[in-house]
Amino acid sequence: MITRAYIGLGSNLDAPVEQLRSALQALDQVEDTRLVAASGLYTSDSLSPGQPRYTNAVAALDTALPPLALLDALQAIENNQGRVRKERWGPRTLDLDILLFGDQVLDEPRLKVPHYHMHARPFVLYPLAELVPADFRLADGRALAQLLDDCPFVGLERL
Ligand code: ROI
């Protein structure tokens, strides 16, 4: 079975734009997985004060992997691109989050889908909106158009 998954990409260290470009290539090379589309790149201030600005994007993948195997593959890409986990919300060379995994709702210790914070993050919602139809709904039924209405395009710059 093939599942359409949406991945949030973020970086605020070591040439973020290059980090995201490499990550998109790496996503296309994950086993049993194909990169279907990528949004434009967006920059915004960090939600945690005192960090460099972030560059973010969203990618659509088709994958035959189950969700936790995809998560393992994403963490391998993060590690490969020099991610060092220090503080929880600290700056990072690369952050890859599974935002949506088909129509699945998952609440597991390692993986909650739809991603818990995505509804409040313009740097996730606006790039996602580039990749899906206007009437798109998250797996839990929330309409993307409503989330966008509630989350103004503030502080976001499309490169
Ligand atoms: N802020 C922005 N703008 N983009 C991110 O990807 C991001 N990621 C984070 C925190 C520190 C919450 N802030 C962010 O983890």
Side-chain angles (χ1 to χ4, degrees), residues 4-30 33 35-61 63 67-68 70-101 104-132 136 138-140 142 144-159:
R4 174 70 49 95
Y6 293 91
I7 310 300
L9 297 86
S11 171
N12 73 342
L13 286 180
D14 298 346
V17 171
E18 292 312 312
Q19 296 290 344
L20 295 200
R21 288 199 204 294
S22 315
L24 289 169
Q25 286 184 0
L27 287 172
D28 197 35
Q29 290 185 6
V30 171
T33 298
L35 176 67
V36 175
S39 73
L41 304 182
Y42 292 76
T43 63
S44 54
D45 285 339
S46 172
L47 297 179
S48 299
Q51 288 186 31
R53 269 170 83 82
Y54 274 83
T55 305
N56 291 100
V58 171
L61 304 180
T63 185
L68 290 177
L70 181 62
L71 181 62
D72 287 338
L74 299 188
Q75 291 183 346
I77 295 170
E78 289 177 342
N79 293 337
N80 202 29
Q81 289 192 212
R83 169 124 179 218
V84 180
R85 286 173 192 271
K86 292 188 203 126
E87 346 144 34
R88 175 131 199 245
W89 304 109
R92 66 279 309 272
T93 50
L94 183 62
D95 188 28
L96 296 175
D97 291 329
I98 300 178
L99 304 170
L100 301 169
F101 193 85
Q104 297 193 36
V105 177
L106 300 172
D107 189 357
E108 301 187 21
R110 285 186 68 204
L111 184 59
K112 302 192 194 321
V113 176
H115 188 278
Y116 260 32
H117 302 295
M118 65 179 286
H119 64 279
R121 295 184 166 177
F123 58 83
V124 172
L125 296 177
Y126 286 89
L128 174 64
E130 293 183 16
L131 304 181
V132 299
F136 186 80
L138 311 197
D140 54 19
R142 287 176 292 172
L144 181 60
Q146 184 64 52
L147 299 181
L148 289 165
D149 270 357
D150 295 341
C151 187
F153 189 93
V154 169
L156 208 53
E157 187 187 340
R158 193 181 191 284
L159 294 181

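Both counts, for ligands and for their atoms, begin at 1 and track the order of listing.
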Student: Less than 4.5 Å apart, side chain to side chain, heavy atoms only: is that true for Y54 and D95?
Tutor: no
Student: Which heavy atom of L144 sits nearest a heavy atom of A129, and at what distance?
Tutor: CD2-CA, 3.8 Å
Student: For Q19, does its backbone N or O pair with a side-chain atom of Q81 as donor and acceptor, under 3.5 Å?
Tutor: yes
Student: Judging by distance only, is a nitrogen or oxygen of D45 under 3.5 angstrom from one on ligand 1?
Tutor: yes
Student: Test of understanding: given a 4.0 Å heavy-atom threshold, classify the contact between R121 and ligand 1 as side chain, backbone, both, or neither.
Tutor: side chain
Student: For residues S39 and L131, report the shortest heavy-atom separation together with the two atoms involved.
Tutor: N-CD2, 3.7 Å
Student: Could you tell me the residue and atom name of the protein heavy atom closest to atom 9 (C) of ligand 1, and the distance to it rounded to 0.1 Å?
Tutor: Y54 OH, 3.8 Å
Student: Applying a strict 4.0 Å limit to heavy atoms, is V124 in contact with ligand 1?
Tutor: no
Student: Which residue holds the protein heavy atom closest to atom 6 (O) of ligand 1, what is that atom called, and what is the gap in Å?
Tutor: N56 ND2, 2.8 Å
Student: Considering residues at least two apart in sequence or located in another chain, which fulfil the salt bridge (charged side-chain N to carboxylate O under 4.0 Å, His left out) criterion with D140?
Tutor: R142
Student: So, 4.0 Å and heavy atoms of R92: is ligand 1 close enough to count as a contact?
Tutor: yes
Student: Please confirm whether L47 comes within less than 3.5 Å of ligand 1 when only nitrogen or oxygen atoms on both sides are compared.
Tutor: yes
Student: Taking only non-hydrogen atoms of D95, do any sit less than 4.0 angstrom from ligand 1?
Tutor: no
Student: Name all residues meeting the ring-ring contact (aromatic ring centres under 6.0 Å, His included) criterion together with F123; count only those two or more places apart in sequence or in a different chain, and write none if there are none.
Tutor: none
Student: S48 heavy atoms, cut-off 4.0 Å: which ligand 1 atoms fall inside?
Tutor: 11 (C)
Student: If you count heavy atoms of other groups shown closer than 6.0 angstrom to CD of Q25, is the number above 12?
Tutor: no
